[in-house]
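First up is the structure itself, then whatever we jot down about it.
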Amino acid sequence: MKLKKIIAVAMASTMMLAMTACGNTPAPAADNTTTDTPAADNTAAPAADNTAADATAAAAQDADAAAATVGEGGNIGVCIYKFDDAFMTTYRNALQEILEGKGYTVTVMDGKNDQAEQNNQINNFIAQGVDALIINPVMTSAADQIIATVKDAGVPTVLINREPTAEQMGVYDKLVYVGCDARQSGTMQGELILDTANKGDINGDGKVSYIMIQGDPENIDAQYRTEFSVKALTDAGMEVEELDLQRGDWDRNKGQEIAQNDLAKFGDEIEVVFCNNDDMAIGALQAIQAAGRTVNEDIYLVGVDALDAALNEVANGNMTGTVLNDAQGQAQGAVDAMEALLGGKTYAEGEQSIYVDYVKVTPDNVSNFQ
Ligand code: GAL
C-alpha cells in the first residue's frame, strides 16, 4: 500500500518534471551534479530542487507522511562492483546525474570488489525500504543469489554491466538487465585490426602474432572480447598466433606490467596488443613507448570503452582504435528500465536483456566522441 502510493507519487512527480522540461526550464539537477567520486558509505544525493518538490507537492493532493517521503522522487539504491574502475566511474557518475536530475534520492555504494560486502549492501538497502535497486554485481556467479534476494523482497531491480543468463533472470519478472553484448565489442576490435594496411600482419609472415591482455576472466565481457576479437581475424581468413594471454583485471598498472614483460620476452614478434579495455591499453601504451615501439607503425594497439584518455591517444595516433562502451546510453537505459518497473511493467523470461550498441572509434571519427 505504502509502496504503491510512493510509486504513484514518484510517477506523478516524474510527469510534472517532464512537463516542466517541456516548458524550457533547465533540468533540475543540471548544475548540481556530483561528478566526484562519492564517499564509499552512503552518499545520499541532495534532494531534488524546488521544482521537483513543488511538482510533487502539487501531485500529492492528499499528502501525508508517506507521500512526503516520496516527494523527492523515491529512494534508489545503487550498488557498483568497485569504485576504483575507470569505466564504471564514468558510468556511475552518469547514472547518479540522471537519477538526481529526475528528483530521485540516490545512494551509491562501493562493493570494493567483494561480493560478501555487496550482499550486505543489498540487504541494507532492502531493510531501508528502497523503491528500486540498480546493481552492478561483483561476481557474475552471484547472480542467482542476488536475484533470489531482490525477488524475496519484491524490489524492482535493474542489473547492469554483468549479464546473467536468461534462465537466471527468468525467475523474477521485476528484473531487467541493461548492458551491451560484449561479442560485438570483441568483433569490432578485430575489425579495427583488419582495417589496417596489412590486416595486422606487419612483418608479412602470413600470421597475426598478438598478445591478449584480459580483464577479469570471470566476467563475460572479458571472455567474449577475448574470443570474438580473434574470431573476427580468423573469420576473415587470417592466421593468428597467440604469444601470450594474461589477466589484467581491467587495471592500468597490470596492463602496463603485462605488456612490459611480453615486449621484453617476444620483442618484435608482437604485432598486435589486444586489451579487453582502455585502461589496460593505456598501461600497455606506456610499456610500448618505453620499449621504443611505435603504434600504427610497428605494432597495433586496441582497447574498449572510449575513455577520454584513450580517445586522446586514438586522435594522436598512439592507439589504433577503441570501441565506445556507451556509459551514458547504458545509464539512461537503466533508469528508463527502472522507471518502467516502478510503473508496474513486468518482463517474461527471454525478454529481460536490453542492449545498447557499441561503436567503433577510429582516427577518422574520434572527434565525434571527444
Ligand atoms: C566492462 C568495461 C571494463 C570494466 C568492466 C567492469 O564493460 O569495459 O572497463 O569496467 O566492465 O565489469
Side-chain angles (χ1 to χ4, degrees), residues 37 78-95 108-115 117-118 134-143 146 158-164 177-189 192 212-229 247-256 258 273-285 301-311 313-314 319 321-331 333-334 353-361 369:
T37 302
V78 179
C79 294
I80 299 297
Y81 94 100
K82 66 170 183 174
F83 278 7
D84 183 19
D85 175 299
F87 171 72
M88 286 312 304
T89 298
T90 309
Y91 193 147
R92 80 182 141 85
N93 286 338
L95 205 47
V108 187
M109 299 301 290
D110 181 359
K112 299 179 186 148
N113 210 18
D114 178 343
Q115 189 59 60
E117 170 112 19
Q118 186 176 67
I134 298 179
I135 303 173
N136 161 212
V138 175
M139 309 278 291
T140 312
S141 55
I146 292 172
V158 181
L159 298 178
I160 57 169
N161 185 251
R162 292 190 186 183
E163 186 176 12
Y177 170 77
V178 176
C180 297
D181 179 350
R183 285 170 285 210
Q184 192 188 33
S185 52
T187 303
M188 287 179 175
Q189 287 191 294
L192 287 167
M212 179 69 67
I213 305 183
Q214 204 180 24
D216 171 1
E218 203 259 358
N219 187 313
I220 193 79
D221 287 3
Q223 294 164 17
Y224 276 155
R225 288 175 194 165
T226 297
E227 182 186 346
F228 282 78
S229 52
R247 64 182 288 174
D249 294 313
W250 311 117
D251 181 82
R252 183 176 299 202
N253 292 334
K254 289 188 187 172
Q256 190 273 336
I258 293 166
V273 179
F274 281 114
C275 296
N276 282 173
N277 78 344
D278 279 346
D279 216 23
M280 297 189 296
I282 297 293
L285 176 61
L301 172 66
V302 289
V304 174
D305 283 339
L307 296 181
D308 287 345
L311 292 174
E313 299 302 357
V314 172
M319 273 179 72
T322 183
V323 177
L324 172 72
N325 192 3
D326 186 358
Q328 188 69 34
Q330 290 174 76
S353 284
I354 297 170
Y355 291 120
V356 174
D357 273 333
Y358 286 105
V359 185
K360 237 189 288 183
V361 183
F369 302 91

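Whatever order the structure lists ligands and atoms in, that order sets their numbers, starting from 1. The figures that follow rest on heavy atoms only: side chains count, while hydrogens, waters and symmetry mates do not.
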Test side-chain hydrogen bond (donor to acceptor under 3.5 Å, both in side chains) applied to E163 and Y177, Y224, Y355, the passing residue: Y355

Side-chain heavy-atom pair V273, I213 within 4.5 angstrom cut-off: yes

Within 4.0 Å of some non-hydrogen atom of D85, the atoms of ligand 1 are 4 (C), 6 (C), 10 (O)

Would N277 count as a polar contact of ligand 1, with the cut-off being nitrogen or oxygen pairs under 3.5 Å? yes

Within 45 degrees of the axis of the six-membered ring of F83 and under 6.0 Å from its centre: does R92 put its NZ or CZ there? yes

List ligand 1 atoms under 4.0 Å from R162, heavy atoms only on the residue side. 6 (C), 12 (O)

Between R162 and T140, does the side chain to side chain donor-acceptor pair (under 3.5 Å) criterion hold? Intermediate values first, please. CA-CA 6 Å; R162 292 190 186 183; T140 312; 5.1 Å; no

Q330 side chain to D326 main-chain N or O, any donor-acceptor pair under 3.5 Å? yes

Heavy-atom side-chain contact between D249 and M280 under 4.5 Å: no

Tell me the protein heavy atom at minimum distance from atom 9 (O) of ligand 1, and give that distance in Å. D305 OD2, 2.7 Å

Answer side chain, backbone, both or neither: which part of N219 comes under 4.0 Å from ligand 1, heavy atoms only. side chain

Is any NZ, NE, NH1 or NH2 atom of the basic residue among K112 and D114 found under 4.0 Å from an Asp or Glu carboxylate oxygen of the other? no

For D221, the atoms of ligand 1 under 4.0 Å from one of its heavy atoms are 1 (C), 7 (O), 11 (O)

Which residue and non-hydrogen atom of the protein lie closest to atom 11 (O) of ligand 1, and at what distance in Å? N161 ND2, 3.0 Å

Less than 4.5 Å apart, side chain to side chain, heavy atoms only: is that true for M88 and I160? yes

Side chain, backbone, both or neither: which part of R225 comes within less than 4.0 Å of ligand 1 when only heavy atoms are counted? side chain

Pull out every atom of ligand 1 sitting under 4.0 Å from any heavy atom of F87, numbered as shown with elements. 2 (C), 9 (O), 10 (O)

Looking only at protein heavy atoms, which one is nearest to atom 5 (C) of ligand 1, and what is the separation? W250 CE2, 3.6 Å

Report yes if Y358 has an N/O atom closer than 3.5 Å to an N/O atom of ligand 1; otherwise report no. no

Residue part near ligand 1, for Y81, under 4.0 Å between non-hydrogen atoms: side chain

